[in-house]
Asker: 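A single structure is presented below for examination.
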Amino acid sequence: QVQLVESGGDLVEPGGSLRLSCAASGLPFSESFMSWIRQAPGKGLELFSYISGSGDTIYYAESVKGRFTISRDNAKNSLYLQMNSLRAEDTAVYYCARVADSSIVYWGQGSLLTVSS
Amino acid sequence: DVVMTQSPLSLPVTLGQPASISCRSSQSLVHSNGNTYLSWFQQRPGQSPRRLIYKVSNRDSGVPDRFSGSGSGTDFTLKINRVEAEDVGVYYCMQGTHWPGLTFGGGTKVEIK
C-alpha cells in the first residue's frame, strides 16, 4: 500500500533553517505530482508547494515564496522541503501528499515544525 | 486564488441524524475539460486528513455510502445520511480546478450533541 513518511520536524529559532524529508513507497513516485501541505495548530489546511514528477513544474504560495524550496530525488523515492528564514507563523504540522487528477489522494502522517525562541 | 467558504463552522449532530455541510467557491469550478474538481476530506482528531469524495460526487474506496457529495458551479454539499460516532472530526472541501493555487475551505467541525 501507499506510504508517505515525513521526517525532520523540530523546534527551530526564528530566522533558522530546517529540511523536511518525505519517503514514499507503494506508488509510481517518478510519475507523481507531490505536494507539501501544512496545518497550523487548531487551523485549516494550506497547500503551499508542489512539484511535478520530473521536477520541471514547481509552485509556491506567496506565504513561502523565496524562503522555502521543494525538491525531489526520484532515485530515492523522496521529496524534500528546505525551509529558510523561518517565522513563528510557519509553526505547523507539515504533510507530504500526492496530487493526482487535481485532488489529494494520499497523505503522510505529518511532521511538526515549531518556530520559537 | 479561488476562495472556498464552508458553513457552518461547527455542526453538532445527534447520532443517527443527518448532517449537511456547504462549500461555496468564489469562481465556478467547472474546468474547460467539463470536469468539476471539488473534493471533500475528513480529518478525525489526531489523524491526517483522508479523502472521502472527488469530482463532486465520487466516493473513494472504503468510504461508507452514508457519505454523499453533490453540487455544481460554485455551490457544493457534503451530506452524511446518518451520523455515527466515528464521523466526528473536521471536514474540508478543496478545489482543484484553478491552478496553480489549489485551495481548501476553512473546515467544518462535526461533533455529537
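Below, each value reflects all heavy atoms present in this structure, side chains not excepted, and no hydrogens, waters or symmetry copies. Quick note on labels: first sequence line is chain A, next is B, and so on, each numbered from 1.
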Asker: Are there over 12 heavy-atom neighbours, none belonging to B:R82, within less than 6.0 Å of that residue's CZ?
Answerer: no
Asker: Starting at CD of B:Q43, measure out to OH of A:Y95 and round the result to the nearest 0.5 Å.
Answerer: 4.5 Å
Asker: Check for me, please, whether B:Y91 and B:V3 land in the same ILVMFWY cluster - side-chain distances under 4.5 Å, paths through other members count.
Answerer: no
Asker: Over all heavy atoms of both residues, which pair between A:S102 and B:Y37 is shortest? Give the atoms and the distance, please.
Answerer: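 Scanning both residues, the minimum pair turns out to be CB-CD2, 3.5 Å.
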Asker: Hey, are the side chains of B:F41 and A:S103 touching, using non-hydrogen atoms and a 4.5 Å cut-off?
Answerer: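 With C-beta onward as the side chain, the pair touches.
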Asker: What are the residues of residues 49-59 of chain A, in order of number, with any heavy atom under 4.5 angstrom from a heavy atom of chain B?
Answerer: A:Y50, A:Y59
Asker: Would you say B:R24 has more than 12 foreign heavy atoms packed within less than 6.0 Å of its CZ?
Answerer: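 Open.
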Asker: Is it the case that one hydrophobic cluster holds both B:W40 and B:Y92, taking links as side-chain heavy atoms less than 4.5 Å apart, direct or via other members?
Answerer: no
Asker: Aromatic ring centroids of B:W99 and A:F33 under 6.0 Å?
Answerer: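 Judged by ring-centre distance (under 6.0 Å), B:W99 and A:F33 do meet the cut-off.
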Asker: How long is the straight-line distance from CG of A:L47 back to CE of B:M94, given to the nearest 0.5 Å?
Answerer: 7.0 Å
Asker: For the residue pair B:R51 and A:I104, establish whether any side-chain heavy-atom pair is separated by less than 4.5 Å.
Answerer: no
Asker: Below 4.5 Å from any heavy atom of chain A, which atoms of B:D1 appear? Answer side chain, backbone, both or neither.
Answerer: side chain
Asker: For the hydrophobic clusters of this structure (ILVMFWY residues joined by side-chain heavy atoms under 4.5 Å, transitively), does one cluster hold both B:M4 and B:L78?
Answerer: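 Yes, because B:M4 and B:L78 connect within a single hydrophobic cluster, where side-chain heavy atoms sit under 4.5 Å apart.
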Asker: Is it the case that one hydrophobic cluster holds both B:F76 and B:I53, taking links as side-chain heavy atoms less than 4.5 Å apart, direct or via other members?
Answerer: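 Same cluster.
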Asker: Give a yes or no on whether A:M83 and A:L45 share a hydrophobic cluster (residues Ile, Leu, Val, Met, Phe, Trp, Tyr; joining criterion: side-chain heavy atoms under 4.5 Å apart).
Answerer: no
Asker: With a 4.5 angstrom heavy-atom cut-off, could you sort out which part of A:V99 is near chain B: side chain, backbone, both or neither?
Answerer: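 When you check distances to chain B, only side chain atoms of A:V99 fall under 4.5 Å.
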Asker: Judged by atom type as modelled, is there a donor-acceptor pair below 3.5 Å linking the side chain of B:S48 to the main-chain atoms of A:G108?
Answerer: yes
Asker: What distance do B:F104 atom CZ and A:Q39 atom CD have between them, rounded to the nearest 0.5 Å?
Answerer: 9.5 Å
